[in-house]
Amino acid sequence: MSAPHTTRWEPVAEHDLAPHELRVIVAVEHARSFSGAARELDLTQSAVSHSVRGTERKLGAVLFERGRRGATPTPAGERAVAHARRVLRLLEVLAAEARGAAGAGAGVGAEGREAATLTGPLRIAAFRSAALHLLPPALANLRARHPGIEPEVRVVRELGRGTAGEVADGRADIGIATIGTSSPVPPGLVGGVLVEEPYSFVHPAGHPDPRSLPLADWAENCTSYTRDWWASQDWIPKASTRTEDDGAVLAMVSAGHAMAIMPALSLTGAPPTVRISDLGPDRPTRSVGYVTTPEQAGSLAVRALIRELRALRGHPETEAAPAAPVGAVSDSRKPEYL
């Protein structure tokens with residue numbers, strides 16, 4: 001008779017952190033104070049301080065500078081908090097997918113099991129024109145197939161670290177970002193191109209000399225590659241009017257006050273008072289794609305959204321005006337599991 005099987009648990013290493021310890025440092029970073037984190041977590045301030053000191057001891061690094069102005073994360077703290085957010089989010093995904101798989105039952109087919117597991121929030125960061133014109137049809141199809149998913153879209157300016165930074169910091173599961181030679185997928189993330197959108201010359205319809213108008217621009221408009229193209233065109237003046245976003249630029253053009261060079265997504269639904277002219281075969285383009293973390297890339301909800309976004313390639317709803325269609329491109333940079 002064989003000996004009964006005994007489950008053996010590996011001892012917890014001294015530096016292992018528990019989820020509640022991760023929640024504390026995330027709350028301190030968010031509140032920028034120990035007292036604020038205590039209120040957020042319904043703990044005493046001494047409990048928060050004790051937890052942070054224990055975490056710092058385990059990691060061997062100071063995570064927050066304490067002072068009269070509260071708690072400011074150190075470089076080590078910023079990195080630790082970003083990882084903490086990502087780990088806590090993965091625990092949520094783990095629980096949701098496990099409950100969904102258990103609720104689907106053994107007799108359900110693979111497609112039914114996946115549909116059953118797709119529940120809960122899906123956090124998306126996107127720049128303005130992508131949030132307005134690229135995401136809505138994809139999210140509509142996603143919700144139709146997986147009604148349990150709750151998309152949460154945050155509009156993030158595509159400046160500095162942009163939407164990719166939101167993903168890297170654990171604030172978003174997936175980001176819709178500009179991707180290209182001058183703005184590649186950041187280290188530590190994975191992604192791929194969804195659409196390659198051309199730029200067009202945009203000016204008031206019926207204007208006798210549109211190139212005489214001042215050029216309107218906004219900071220997010222293009223990468224250094226496109227700026228270099230602009231600099232080589234002697235007919236394009238320096239921008240004399242800068243606005244907050246592409247909507248304001250389009251409104252100025254529509255009112256007859258400016259001309260602009262704009263990408264196709266920004267021109268979706270442009271009014272008839274705006275004329276869109278092709279810039280020719282050497283026109284610049286902007287690559288729009290997705291970025292996510294390697295671990296979130298394997299989650300069912302993120303994979304489902306990527307499938308819906310890819311299915312829209314060449315779809316009429318993702319096209320701007322006829323003079324500047326959003327075309328599809330192959331994605332040779334995606335990992336095998338996407």
Side-chain angles (χ1 to χ4, degrees), residues 7-102 117 119-125 149-150 152 154 156 161 163-175 186-190 291-302:
T7 301
R8 300 185 63 182
W9 300 96
E10 292 294 326
V12 176
E14 283 188 9
H15 60 272
D16 282 353
L17 298 175
H20 72 269
E21 293 174 297
L22 302 181
R23 293 189 183 95
V24 168
I25 64 171
V26 169
V28 172
E29 189 274 342
H30 179 260
R32 285 300 200 265
S33 73
F34 285 67
S35 58
R39 288 191 297 270
E40 186 176 317
L41 298 172
D42 197 21
L43 297 171
T44 64
Q45 184 172 336
S46 61
V48 170
S49 298
H50 182 268
S51 178
V52 172
R53 284 196 301 271
T55 299
E56 290 176 328
R57 185 172 58 253
K58 290 179 179 180
L59 296 179
V62 175
L63 302 183
F64 297 96
E65 295 287 352
R66 285 81 158 168
R68 293 181 179 180
R69 297 185 178 180
T72 303
T74 64
E78 291 178 349
R79 183 65 61 89
V81 169
H83 282 295
R85 287 198 200 94
R86 287 164 63 166
V87 170
L88 291 171
R89 178 58 179 149
L90 280 180
L91 290 175
E92 294 174 355
V93 172
L94 181 156
E97 292 191 4
R99 285 194 299 265
T117 60
T119 60
L122 174 60
R123 306 172 309 162
I124 307 162
I149 287 184
E150 303 165 9
E152 299 173 358
R154 291 182 60 236
V156 176
R161 298 174 72 226
T163 58
E166 296 295 296
V167 174
D169 290 344
R171 294 187 177 92
D173 303 324
I174 184 172
L189 301 181
V190 296
V291 292
T292 186
T293 62
E295 59 269 20
Q296 283 286 1
S299 69
L300 297 177
V302 168

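Just so it is clear, the structure is predicted and the values come from calculations on it, not from any experiment.
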Under a 4.5 Å cut-off applied to non-hydrogen side-chain atoms, are [X] and [Y] in contact?
{"X": "His83", "Y": "Leu17", "answer": "no"}
{"X": "Leu189", "Y": "Thr293", "answer": "yes"}
{"X": "Val302", "Y": "Leu122", "answer": "yes"}
{"X": "Pro73", "Y": "Arg32", "answer": "yes"}

Minimal non-hydrogen separation, [X] against [Y], with atom names:
{"X": "Pro294", "Y": "Gly188", "value": "CD-O, 3.2 Å"}
{"X": "Ala172", "Y": "Ile124", "value": "CB-C, 4.5 Å"}
{"X": "Leu41", "Y": "Ala27", "value": "CD1-CB, 3.7 Å"}
{"X": "Val81", "Y": "Ile25", "value": "CG2-O, 3.7 Å"}
{"X": "Val62", "Y": "Thr74", "value": "O-OG1, 2.7 Å"}
{"X": "Pro121", "Y": "Asp173", "value": "O-OD2, 4.3 Å"}

Taking only Lys NZ, Arg NE, NH1 and NH2, and the carboxylate oxygens of Asp or Glu, determine whether Arg89 and Glu92 approach each other closer than 4.0 Å.
yes

Would you call Glu21 and Arg57 a salt bridge, taking side-chain N to carboxylate O under 4.0 Å as the test?
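A salt bridge is absent here (no side-chain N lies under 4.0 Å from a carboxylate O).
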
Residues which pass side chain to side chain contact (heavy atoms under 4.5 Å, CB included) with Ala95, listed by chain and number, not counting sequence neighbours
Arg99

Sequence neighbours excluded, the answer for side chain to side chain contact (heavy atoms under 4.5 Å, CB included) partners of Leu94 is none

Output the distance between atom [atom1] ([X]) and atom [atom2] ([Y]), rounded to the nearest 0.5 Å.
{"X": "Ile174", "Y": "Glu166", "atom1": "CD1", "atom2": "CD", "result": "14.0 Å"}
{"X": "Arg39", "Y": "Phe34", "atom1": "CZ", "atom2": "CZ", "result": "13.5 Å"}
{"X": "Lys58", "Y": "Asp16", "atom1": "NZ", "atom2": "CG", "result": "7.5 Å"}
{"X": "Leu91", "Y": "Arg23", "atom1": "CG", "atom2": "CZ", "result": "7.0 Å"}
{"X": "Thr72", "Y": "Glu65", "atom1": "OG1", "atom2": "CD", "result": "7.5 Å"}

For [X] and [Y], indicate whether the former's side chain and the latter's backbone hold a donor-acceptor pair under 3.5 Å.
{"X": "Glu295", "Y": "Leu90", "answer": "no"}
{"X": "Thr55", "Y": "Ser51", "answer": "yes"}
{"X": "Gln45", "Y": "Ala38", "answer": "no"}
{"X": "Arg154", "Y": "Glu152", "answer": "no"}
{"X": "Arg123", "Y": "Gly170", "answer": "yes"}

Is there a side chain to side chain contact (heavy atoms under 4.5 Å, CB included) between Arg66 and Val52 once you walk through the steps?
CA-CA 11 Å; Arg66 285 81 158 168; Val52 172; 3.5 Å; yes

Would you please say whether a donor-acceptor pair under 3.5 Å links the side chains of Ser299 and Gln296?
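Yes, side-chain donor-acceptor contact under 3.5 Å.
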
Positive for salt bridge (charged side-chain N to carboxylate O under 4.0 Å, His left out) with Asp169, one of Arg86, Arg79, Arg161:
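The residue from Arg86, Arg79, Arg161 that satisfies salt bridge (charged side-chain N to carboxylate O under 4.0 Å, His left out) with Asp169 turns out to be Arg161.
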
